[in-house]
Amino acid sequence: MLENLIQKIVPLAAKIQDNKYLTALRDGFMAAFPATMFASFAMIIQYLPSTFGFDHLLPEGVMNFLNGFLGPVGNATMSLSAIYICFGVAYHLAGKINGNKLFSGLVSLTSFFLLLPFHQTDDGLFMPVVRLGSQGMFVAILTAILATQIFNYFEKRDFTIKMPKQVPPGIAKSFLAILPSAVTLLVFNVIRYAFTFTPWGNIFDFLFSMLQQPLTALGSSLPATLISVLAAQILWWFGVHGQAVVNTVMDPLWSAMALENYAAYQAGQALPHIVNTTFMGVFPLIGGNGMTLGIVLLFLFMARSARMKSTMRMVAAPSFFNISEPVTFGLPVVMNPMVLIPWVLAPAITVIISYLAIAAGIVPRPIGITVVWTTPVFLSGWIGTGSIMGGLLQLVNLAISTLIWFPFIKALDNSYLKEENKEEDEEDDLSVFDVE
């Protein structure tokens, strides 16, 4: 059944790969990969003491150093991911439509900044960093596509300032971009100004609210939890930070239930809830979003293509500590139809198995404590439920999610291998031709 399913997905993937917008999105997300990789390793080191629970044994100066030295790394990398992606998507889209890649990226980035709701205080003008990360991802993608199209439309129709031939080419190209840039920025300034007359005040809050509204009626039952997980995973696949959207609505509910469980646990009473923040942080996020830890570790040894081998080596350590951005941007997951099914299905199946195992009394209910999100598999389940059964349940989930992922990653690995072999054959043909 899975082989037949893959055979249907591969042609669809081929069609999507020919779509310039989707491939620009896929390639554009890779612009954030170097920064997120560095941030991943920095966070692993920073949270290592608290992950394994020996932070209180270290001198205060050591923890202050780790937090002071490594803490700002996330602010300059993952917290600014929308900036990298806006430039990256515009750059690659311009290349696919034979446009000016550099100026398309810069104009798109400027358009994105133009839409930002700046804040004026007595200390000066401030840019809201929260809009530059997960909450600004969708705006960044739309801005990159629209700004690139507008800019290149006018540039290709010679709506430019042409300089004499004596002017150096670098300067002449800059003048060619002036008028197309002005038109593009004017369009986005009109958009920014128009949103000031709406209840949202800016396009960021508008899109964020529109994505949240369908989720406001969700409760805490198994069906509602499944909908939350599926919505988050699908949003991630489209490049939107799924947890940033879903958890904004669900976290207050899950946190309240976690507090009730913790109060009951302290009082020695029966825990009232299965799903809470502890449940969501421990069971459906092994290796981060998508339940990818098992397949990453497996394909460290089973990968055949050079691309898959190098990718798995790079993402293995972050995945062990539940940091999924390297997998999301490095595999990549975003806009990759080959991995959509396991990306969505594995966390959903994990939620069902975990919920039923706890409801049946096989595993204790999560006690409501906050488990550090970088805590590795088995240990986090043990801590979250106060029982070794929680850790064993995580291992079961890990095995099942690996089985779900396996045929899809195997097919992706095979496709990479075919591409590499084809490139090698073409290089051999060219070398023979050169010799002749």
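Atom CG of residue Leu114 and atom CD1 of residue Ile191 lie 9.5 Å apart, to the nearest 0.5 angstrom. Distance CG/Asn189 to CZ/Arg192: 4.5 Å, rounded to 0.5 Å. Note: Ile349 CD1 to Leu226 CG = 8.5 Å, rounded to the nearest 0.5 Å. Expressed to the nearest 0.5 Å, how far OG of Ser104 lies from CG of Leu109 amounts to 12.0 Å. Interatomic distance, Ile404 CD1 to Met291 CE, rounded to the nearest 0.5 Å: 8.5 Å. Residue Ile400 holds its CD1 atom at 10.0 Å from CD1 of Ile286, rounded to the nearest 0.5 Å.
Considering every non-hydrogen atom in both Ala303 and Met308, the closest pair reads CB-CG, 3.5 Å.
For the pair Ser108/Phe87, no side-chain contact is recorded, criterion being any heavy-atom separation below 4.5 Å from C-beta on. Within the 4.5 Å cutoff, the side chain of His273 has no heavy atoms near those of the Phe279 side chain. In this structure, Leu271 and Pro364 have side chains that are not in contact, with every pair of non-hydrogen atoms separated by 4.5 Å or more. Looking at His56 and Met63, their side chains never come closer than 4.5 Å, going by heavy atoms from C-beta outward. Within the 4.5 Å cutoff, side-chain heavy atoms of Ser319 are placed close to those of Val327. Using a 4.5 Å heavy-atom threshold, the side chains of Phe378 and Ile388 count as touching. Between Leu412 and Tyr416, some side-chain heavy-atom pair lies under the 4.5 Å cut-off. Leu379 places none of its side-chain heavy atoms less than 4.5 Å from the side chain of Gln394.
For Phe188 and Phe113, the distance between ring centers is not under 6.0 angstrom.
Surrounding CZ of Phe126 are more than 12 heavy atoms belonging to other residues, nucleotides or ligands, all under 6.0 Å away. Heavy atoms of other residues, nucleotides or ligands lying less than 6.0 angstrom from OH of Tyr91 number 12 at most.
With Lys309 as reference, Arg313 is the one residue of Met312, Arg313, Arg307 to meet the side-chain contact (heavy atoms from CB on, under 4.5 Å) rule. Test Trp200, Phe195, Tyr193 against Phe197 for ring pair (Phe, Tyr, Trp, His ring centres under 6.0 Å) and you get one pass: Tyr193.
Classified by interplanar angle (parallel below 30°, tilted 30° to 60°, perpendicular above 60°), the ring pair Phe112/Phe204 is perpendicular. Taking the six-membered ring where the residue is Trp, Phe69 and Phe65 present parallel rings, their angle staying beneath 30° rather than reaching 60°. Ring planes of Trp343 and Trp405: perpendicular class, angle over 60° (limits at 30 and 60°).
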Mind running side chain to side chain contact (heavy atoms under 4.5 Å, CB included) on Ile295 and Leu298 for me, showing each step along the way? CA-CA 5 Å; Ile295 202 65; Leu298 185 62; 4.2 Å; yes

